2 protein chains.
Amino acid sequence: MRNRINTPARLPLLSQTAEHALRAILYLGRNQGRGLIAATEVAEALGAPPNYLAKTLRLLARKGVLRSVRGPGGGFALARPATAISAAAVVEAVDEVSAPANCLLGNRGCDPQNPCEAHARWEELTRRVLRPMEDTSIADLVGE
Amino acid sequence: MRNRINTPARLPLLSQTAEHALRAILYLGRNQGRGLIAATEVAEALGAPPNYLAKTLRLLARKGVLRSVRGPGGGFALARPATAISAAAVVEAVDEVSAPANCLLGNRGCDPQNPCEAHARWEELTRRVLRPMEDTSIADLVGE
DNA sequence: TCTGTTTCGCATGACTTTATCCTAATTCTC
DNA sequence: GAGAATTAGGATAAAGTCATGCGAAACAGA
């Protein structure tokens, strides 16, 4: 049943981790007034795996998207106002957003110094794909 | 060394398989005049793993993006003119393009019948992300 | 200073994607 | 019809992502 050629892989436009991250950030954004919120509460509210979500929250904190405080009453909160956090920032903090590093004509098709035409055209396309993510803030998604 | 929390996962804006597929399609597009081209030639030209690429080409053929012929002189070629194949079509043939099925507010945040506001906003965003892929043809990328 | 709460960080296991290999099935050429 | 070339397809291995679990570190409050 594994790796059936008829069942294509899932293209993670967002990886599972990034999806968790966005959900968590949105939850924190909607509850911004309440200050710090514990990872377990977020996980329960989203129905996400608690341990893994906690790890993702830590990662977001380390990348400066969230702030975190340990100990009783501690938890996580947005490091900046929701208007100042783009969807792209969240995704990039968690996954390494990588448009294909190598030329689309193949590794041997062109070199970076003297890129082929398809190279430039592909870069332009990836920019157009990523831009909406950069232009959309958490506040936009939450709707404030 | 595995799963270090400091080394974020790669976000496959394109999965590896989709990347191979696009490269292969572009190669076939540029060599359209030559008729059928063997999988081994494509793999060598791109520096891609031959066996896996062959499997991906077969998948593209089954999905109707490529046509294939067996036996000596056989190989693969575009099933339609390069202007009639979108980048999105290639990616979708290989990976299951799936925006998050569940609401961004969390599985328990809203139900499909009565979707929340973030739900609609997220759908709008994913549309904007995918559109450039749909609007760009293989011919556009190759530059004809 | 003790105790409970909560983040931090590593080790490990389960599952998915990527890649390899081998054996058919098909088709051209001689 | 024999033999070589080439796609088709399944079984299996390797690598990566996703998820779990546990102990340590930090912190607040009594």
Side-chain angles (χ1 to χ4, degrees), chain A residues 1-12 14-21 23-24 28 35-44 46-63 66-77 79 91 94-96 98 100, chain B residues 1-12 14-21 23-24 28 35-44 46-63 66-77 79 91 94-96 98 100:
Chain A
M1 184 68 79
R2 189 103 47 98
N3 196 18
R4 293 228 13 247
I5 197 165
N6 284 331
T7 44
R10 167 191 151 90
L11 169 74
L14 261 40
S15 73
Q16 194 61 42
T17 306
E19 212 172 307
H20 285 151
R23 288 211 181 97
L28 292 175
L36 295 163
I37 295 180
T40 53
E41 178 187 330
V42 179
E44 187 166 359
L46 307 186
N51 289 339
Y52 193 60
L53 182 71
K55 183 176 283 194
T56 302
L57 290 177
R58 268 176 263 147
L59 183 53
L60 287 167
R62 193 173 323 157
K63 290 295 179 73
L66 297 179
R67 65 191 175 88
S68 64
V69 175
R70 294 206 234 189
F76 296 88
V91 174
V94 161
D95 289 332
E96 181 177 0
S98 62
Chain B
M1 184 68 79
R2 189 105 47 98
N3 197 19
R4 292 226 13 248
I5 196 167
N6 285 331
T7 45
R10 170 190 149 91
L11 169 75
L14 262 40
S15 72
Q16 193 63 43
T17 307
E19 216 174 287
H20 284 152
R23 287 211 182 98
L28 292 175
L36 295 163
I37 295 179
T40 52
E41 177 186 328
V42 180
E44 188 165 0
L46 307 186
N51 289 337
Y52 193 62
L53 182 72
K55 188 171 280 196
T56 302
L57 291 176
R58 268 178 261 148
L59 183 54
L60 287 167
R62 192 173 324 156
K63 290 296 180 71
L66 297 180
R67 65 192 176 87
S68 65
V69 175
R70 293 204 237 193
F76 296 88
V91 173
V94 160
D95 289 332
E96 181 178 0
S98 61

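So that the names make sense, note that chain A is the first sequence line, chain B the second, and so on, each numbered from 1. Values in this document were obtained by computation on a predicted structure and should not be read as measured data.
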- prompt: When rounded to the nearest 0.5 angstrom, what distance separates CD in B:Glu41 from CG in B:Leu36?
  reply: 11.0 Å
task: Please state how far atom OH in A:Tyr52 lies from atom P in C:dC8, giving the value in whole angstrom units.
output: 16 Å
message: From CG of B:Leu60 over to P of D:dG9, roughly how many Å is that when rounded to an integer?
response: 14 Å
query: How would you label the contact of B:Thr17 with the nucleic acid (heavy atoms, under 4.0 Å): base, sugar-phosphate, or nothing?
result: sugar-phosphate
- prompt: Would A:Arg58 and A:Lys55 satisfy side-chain contact (heavy atoms from CB on, under 4.5 Å), going step by step from the backbone distance to the final call?
  reply: CA-CA 5 Å; A:Arg58 268 176 263 147; A:Lys55 183 176 283 194; 4.3 Å; yes
Atom-to-atom span, CD1 of A:Ile37 to C1' of C:dT7 - whole angstrom: 15 Å
- request: Could you state the atom-to-atom distance from CG of B:Leu36 to C1' of D:dA5 in whole Å?
  value: 13 Å
- prompt: Which angle, rounded to 10°, do you find between the first-five-pair axis and the last-five-pair axis of the helix from C:dT1-D:dA30 to C:dC30-D:dG1?
  reply: 20°
- prompt: Does a nitrogen or oxygen in the side chain of A:Arg62 sit under 4.0 Å from OP1 or OP2 of C:dG9?
  reply: yes
query: Less than 3.5 Å between a donor and an acceptor, one on the side chain of B:Lys55 and one on the base of C:dT18, is that the case here?
result: no
field: Which atom of A:Leu53 lies closest to which atom of A:Ala39, heavy atoms considered
entry: CD2-O, 4.3 Å
query: Taking all atoms of both residues into account, what is the closest heavy-atom pair of B:Ala24 and B:Leu57, and its distance?
result: CB-CD2, 3.8 Å
task: Would you please name every residue forming a side chain to side chain contact (heavy atoms under 4.5 Å, CB included) with B:Ala21, sequence neighbours left out?
output: B:Thr56, B:Leu60, B:Val90, B:Val94
- request: Take atom CG of B:Leu46 and atom P of C:dA19, then tell me their distance rounded to the nearest Å.
  value: 13 Å
message: Using the side chain to side chain contact (heavy atoms under 4.5 Å, CB included) criterion, which residues pair with B:Ala61? Sequence neighbours excluded.
response: B:Leu66, B:Ser68, B:Phe76
For nucleotides 22-26 of chain C, which of its nitrogen or oxygen atoms have a protein nitrogen or oxygen under 3.5 Å away, and what is each distance?
| unit_1 | atom_1 | unit_2 | atom_2 | d |
| --- | --- | --- | --- | --- |
| C:dA25 | N3 | B:Arg70 | NH1 | 3.1 |

field: Touch class at under 4.0 angstrom, heavy-atom based, for A:Ala39 against every strand present
entry: sugar-phosphate
message: B:Pro49: which residues meet the side chain to side chain contact (heavy atoms under 4.5 Å, CB included) condition with it, sequence neighbours left out?
response: B:His20, B:Tyr52
message: Within the structure provided, determine whether B:Pro50 and B:Thr40 are in side-chain contact (heavy-atom separation under 4.5 Å).
response: no
query: Starting at CZ of A:Arg67 and ending at P of C:dC8, how long is that distance when rounded to a whole Å?
result: 13 Å
statement: Against the side chain of B:Gln16, the closest entry in D:dA19, D:dT20, C:dA19 is C:dA19
query: For C:dT7, does OP1 or OP2 lie under 4.0 Å from any side-chain N or O of A:Ser68?
result: no
- prompt: Between B:Ala54 and A:Leu53, which has a closest nucleotide on DNA chain D that is more 5'?
  reply: B:Ala54
- prompt: Can you check the A:Leu59 CG to C:dC10 P distance for me, whole Å?
  reply: 13 Å
- prompt: How far does CG of A:Asp95 sit from CG of A:Leu14, to the nearest 0.5 angstrom?
  reply: 7.5 Å
message: Please determine whether a side-chain nitrogen or oxygen atom of B:His20 lies at a distance below 4.0 Å from atom OP1 or OP2 of C:dA19.
response: yes
